[in-house]
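Because the structure is a prediction, the values reported are computed rather than measured.
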Amino acid sequence: PMDLNLCCEEAARRFYQDVNISSYDQESPWFRWNVTLSRAEFEAIINLNLGTRYQLQPEFVLTQGSDGQFYSRPIPVQGIGTLLDIQVVQRGVGGNIMTLEIVGSTGTYQISKELNIRYLVRPSNVFTGGDDIILERIGAPAINYPILPSAFAVFDLTRDKDDSIDRVTISGGGSGHGVGMSQWGARGMAMQGYTFKEILTGFFADIHFMHTEHIQRSILGIGSQ
């Protein structure tokens with residue numbers, strides 16, 4: 001059986017890189033996606049977005065101090081410098097990245113919250129000034145996508161003979177914040193014959209359904225008798 005404890009990096013990697021998993025939302029073009037960036041592209045993207053994320057939410061963009069602890073501090077003008085490593089520090093129970101750590105020659109930085117991470121790693125040549133960046137997905141690719149599709153992702157680093165990072169490949173699944181109902185998942189369940197009640201209870205806990213007559217009265221503003 002598949003290990004769905006996606007807090008483990010290896011389990012997350014197997015899950016997000018497997019395009020053959022049977023799932024209700026497997027017809028979504030965003031079911032699985034990946035993008036590969038050169039080190040220079042990745043550095044340019046991070047350097048143009050890290051300072052902005054710090055300005056907007058300084059409590060969630062931290063810099064490691066000489067004592068090993070992390071503090072809210074302004075980002076250096078030169079950004080991260082040379083990229084040395086990337087680590088996922090924490091994942092949510094569903095497998096989304098909650099804290100991403102980027103090690104550069106200027107320091108070590110931790111970025112938390114899924115939207116900060118998605119607006120930090122943005123696969124678009126708007127930030128690199130170079131060739132189009134191609135994000136592969138099911139069907140037509142997405143070109144220069146303005147935000148990381150989701151925080152349900154893993155990072156793979158390719159290093160050269162000198163152990164310097166050459167490329168960064170990001171593989172993931174889904175598009176959006178990952179909270180609530182998956183529209184493609186609900187569609188897939190409906191196509192397989194699930195009722196609306198079964199679909200809703202599959203996504204949301206502790207749902208109580210009103211009788212049709214009560215719904216009609218509420219819509220008409222009659223109220224209960």
- Message: Can you list, by chain and residue number, the hydrophobic cluster partners of Val103 when the side-chain cut-off is 4.5 Å?
- Response: Leu84
- Item | For Tyr71, the rest of its hydrophobic cluster, which grows through side-chain links under 4.5 angstrom | none
Set of side-chain contact (heavy atoms from CB on, under 4.5 Å) partners for [X], sequence neighbours left out:
X      : result
Pro146 : none
Ser171 : Gln17, Asn34, Val154, Thr169
Ile117 : Ile97, Leu100, Ile111

Once side chain to side chain donor-acceptor pair (under 3.5 Å) is applied, do any residues pair with [X], and if so which ones, sequence neighbours excluded?
X      : answer
Ser124 : none
Glu9   : Arg91
Tyr109 : Thr106

- Modelled atom types, side-chain donor and acceptor of Thr99 and Ser112, under 3.5 Å: yes
- Side-chain H-bond candidate by donor/acceptor type, Asp85 with Gln87, under 3.5 Å: yes
If only atom types and distance count, is the side chain of [X] paired as donor or acceptor with the main-chain N or O of [Y] below 3.5 Å?
X      : Y      : answer
Arg73  : Pro58  : no
Asn144 : Asn125 : yes
Asp162 : Ser164 : no
Trp33  : Leu135 : no
Asp156 : Val168 : no

Do any pairs count as a salt bridge (charged side-chain N to carboxylate O under 4.0 Å, His left out) and have a residue in [range], sequence neighbours left out, and if so which ones?
range            : answer
residues 28-55   : Arg39-Glu43
residues 163-172 : Arg159-Asp163
residues 121-136 : none

Least distance between heavy atoms, [X] atom then [Y] atom:
X      : Y      : result
Ile102 : Leu83  : CG2-CD1, 3.8 Å
Ser105 : Gly81  : OG-CA, 3.4 Å
Ile134 : Pro141 : CG2-CB, 3.7 Å
Ile75  : Gly51  : CG1-CA, 4.0 Å
Ser150 : Gly173 : OG-O, 2.8 Å
Ala153 : Ile170 : CB-CG2, 4.0 Å

- Heavy-atom distance under 4.5 Å between the side chains of Ile45 and Leu37, does that happen here? yes
- Query: With a 6.0 Å cut-off on ring centres, are Trp30 and Phe152 close enough?
  - Reply: no
- With sequence neighbours excluded, residues passing ring pair (Phe, Tyr, Trp, His ring centres under 6.0 Å) with Phe127: none
- Item | Worked check of side-chain contact (heavy atoms from CB on, under 4.5 Å) between Met98 and Lys113 | CA-CA 5 Å; Met98 297 183 69; Lys113 297 183 65 174; over 6 Å; no
- Item | Atom pair CD (Glu114) and OH (Tyr119), whose distance is rounded to the nearest 0.5 Å | 10.0 Å
